[in-house]
Chemist: 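Okay, here's the structure, questions in a sec.
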Amino acid sequence: MLTLLEVVDAELGRPPRLDLVDVGAGRGELLRQVGELLESSSEVGTLGGRLRLHGVERAYRPDGLPDTVAWGADLPEDVVGLVVANEWLDNVPVDVAELGAEGLHQVLVDPSTGEEAPGGPIGLRDASWLNLWWPLGGAENGSRAEVGYPRDRAWATVIEAMDRGLAVAVDYGHLRPDRVSGSYAAGTITGYRDGRAVPPVPDGSCDLTSHVAMDACAEAGAQAGADSTALLRQRDALLALGVSPVLPDVALARTDPPAYARALSASSQASELLDPGELGGFWWLVQGVRLAVPQPLRR
């Protein structure tokens, strides 16, 4: 992220104020780490004095967060710089539609047991979104789709908050051809607790997520004012930004054991991030507002 921030800063012509906004900031981990890296980096003289860090999160401000980090539930206005939304959109709630003998209906869920029941017909807005982005015509009864309109609207608010810069959404996702082919006929809603998949019961005991229609969000961003777009896998994005899984030379272990251990750890972390079957398979939606997507991320 710091590498990407430096690229964006240069593309913007080193503005007097540069924003880094983390949407869905959790406990502020990303902003803390960027701040710590800047303090120990040669870039602090050129970037640190102009950088403004913003955490956007519904939770209370974390204890011990540096005073240099702004915190709140709303996006700052007129952002100039970089906005990052890592696994935020998959937590924006969506309705589930199921195809039955009488057409598409909502799926209702008992909040205490997770038991499902058919609801009423879907509304016109949801039907329009499904017809465009997740059509179920010709699908078997029981096929499901997740109505992504709320994610589209959420992403549009990010683009609308920007004056100039780059917005990046990183998430589990899918594209229309795979949805149309039936690859997600059972839906994608999943529950997680302590890092493990569990039944997705909406009782507050687990984290509920579902994959994001990344192409629909891209179009919503374009309609909201983005004038450049790239959609690529996390593996490709991180490789383009210099993340490398290459193992260090074993000779370094003899001459500088601590440096070798650090390089070995970095290589192991990079391999995990780049694994195409795991984290490397995440999607990156990259959109520029009055800024072209930087060359390394263009696809």
Chemist: Verify, without hydrogens or angle tests, whether Arg17 (side chain) and Val79 (backbone) share a donor-acceptor contact under 3.5 angstrom.
Modeler: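 Side chain of Arg17 to backbone of Val79, a donor-acceptor pair under 3.5 Å: no, none is there.
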
Chemist: Spell out, as yes or no, whether a donor-acceptor pair under 3.5 Å connects the side chain of Ser268 to the backbone of Ser265.
Modeler: no

Chemist: Check whether any side-chain N or O of Thr188 sits under 3.5 Å from a backbone N or O of His211 as a donor-acceptor pair, and report yes or no.
Modeler: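 Side chain of Thr188 to backbone of His211, a donor-acceptor pair under 3.5 Å: yes, one is there.
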
Chemist: May I ask you to decide if Asp90's main-chain N or O and Arg151's side chain share a donor-acceptor pair within less than 3.5 Å?
Modeler: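 Yes, Arg151 side chain to Asp90 backbone: donor-acceptor pair under 3.5 Å.
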
Chemist: Check for a donor-acceptor pair, side chain of Ser267 on one end and backbone N or O of Pro245 on the other, with a separation under 3.5 Å.
Modeler: yes

Chemist: Quick one: are Leu279 and Gln234 in side-chain contact, heavy atoms under 4.5 Å?
Modeler: yes

Chemist: Strictly distance-based, threshold 3.5 Å: is any side-chain N or O of Ser228 a donor or acceptor partner for the main-chain N or O of Leu291?
Modeler: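 Yes; judged by distance alone, with no hydrogens or angles, the pair exists.
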
Chemist: For the residue pair Val170 and Val168, what are the closest heavy atoms and their distance?
Modeler: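 That would be CG2-CG1, 3.8 Å.
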
Chemist: Using atom types as modelled and distance alone, determine if a side-chain donor or acceptor of Asp249 lies under 3.5 Å from a backbone N or O of Leu252.
Modeler: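 It does not hold such a pair.
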
Chemist: Begin with the C-alpha distance, continue with both residues' side-chain angles, and end with the deciding distance and a verdict on side chain to side chain contact (heavy atoms under 4.5 Å, CB included) for Gln33 and Leu30.
Modeler: CA-CA 5 Å; Gln33 291 176 24; Leu30 173 63; 5.6 Å; no

Chemist: Please list every donor-acceptor pair under 3.5 Å in which a side-chain atom of residues 116-130 meets a protein atom from a residue at least two apart or in another chain.
Modeler:
unit_1: Glu116; atom_1: OE1; unit_2: Arg144; atom_2: NH1; d: 3.2
unit_1: Glu116; atom_1: OE1; unit_2: Arg144; atom_2: NH2; d: 2.5
unit_1: Glu116; atom_1: OE2; unit_2: Arg144; atom_2: NH1; d: 3.4
unit_1: Ser128; atom_1: OG; unit_2: Leu124; atom_2: O; d: 3.0
unit_1: Trp129; atom_1: NE1; unit_2: Asp152; atom_2: OD2; d: 2.7

Chemist: Indicate yes or no for a side-chain donor-acceptor contact from Arg290 to the backbone of Asp163 under 3.5 Å, with no hydrogens or angles considered.
Modeler: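 Here the side-chain-to-backbone pair exists.
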
Chemist: Give the minimum heavy-atom separation between Leu89 and Ala154, together with the two atoms involved.
Modeler: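 Answer, listing the atom of Leu89 first, then Ala154: CD2-CB, 4.2 Å.
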
Chemist: Would you please test Trp155 and Gln287 for side chain to side chain donor-acceptor pair (under 3.5 Å) and show each step?
Modeler: CA-CA 11 Å; Trp155 184 244; Gln287 293 194 297; 2.8 Å; yes

Chemist: Considering only heavy atoms from C-beta outward, does the side chain of Leu82 approach that of Asp19 to under 4.5 Å?
Modeler: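 When only atoms from C-beta onward are counted, Asp19 and Leu82 do not touch, as no gap falls below 4.5 Å.
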
Chemist: After noting the C-alpha distance and the side-chain angles of Glu98 and Leu104, does the key distance pass the side chain to side chain contact (heavy atoms under 4.5 Å, CB included) rule?
Modeler: CA-CA 5 Å; Glu98 183 174 285; Leu104 286 168; over 6 Å; no

Chemist: What I'd like to find out is whether the side chain of Val289 reaches to under 4.5 Å of the side chain of Arg164, using heavy atoms alone.
Modeler: no

Chemist: Let's go through Leu231 and Trp284 carefully: what are the C-alpha distance in whole Å and the side-chain angles of both, what is the deciding distance for side chain to side chain contact (heavy atoms under 4.5 Å, CB included) to 0.1 Å, and is it a yes or a no?
Modeler: CA-CA 6 Å; Leu231 262 174; Trp284 278 41; over 6 Å; no

Chemist: Using modelled atom types only, decide if a donor and an acceptor are shared between the side chain of Arg193 and the backbone of Ser205 within a distance under 3.5 Å.
Modeler: yes

Chemist: I'd like to know if the side chain of Asp171 reaches the main chain of Gly173, judged simply by a donor and an acceptor atom lying under 3.5 Å from each other, with no hydrogens or angles considered.
Modeler: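 A pair under 3.5 Å: no.
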
Chemist: Hey, is Asp215 close enough to Arg179 for a salt bridge, meaning N to O under 4.0 Å?
Modeler: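 Salt bridge: yes.
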
Chemist: Side chain to side chain contact (heavy atoms under 4.5 Å, CB included), that's the test. Do Trp283 and Tyr172 meet it? Break it down for me.
Modeler: CA-CA 6 Å; Trp283 284 100; Tyr172 301 96; over 6 Å; no

Chemist: Are any non-hydrogen side-chain atoms of His174 and Tyr184 less than 4.5 angstrom apart?
Modeler: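 Yes; the side chains approach each other to less than 4.5 Å.
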
Chemist: Determine, using the 4.5 Å side-chain heavy-atom cutoff (strictly less than), whether Val23 and Leu4 are members of one ILVMFWY cluster.
Modeler: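 Shared cluster, no.
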
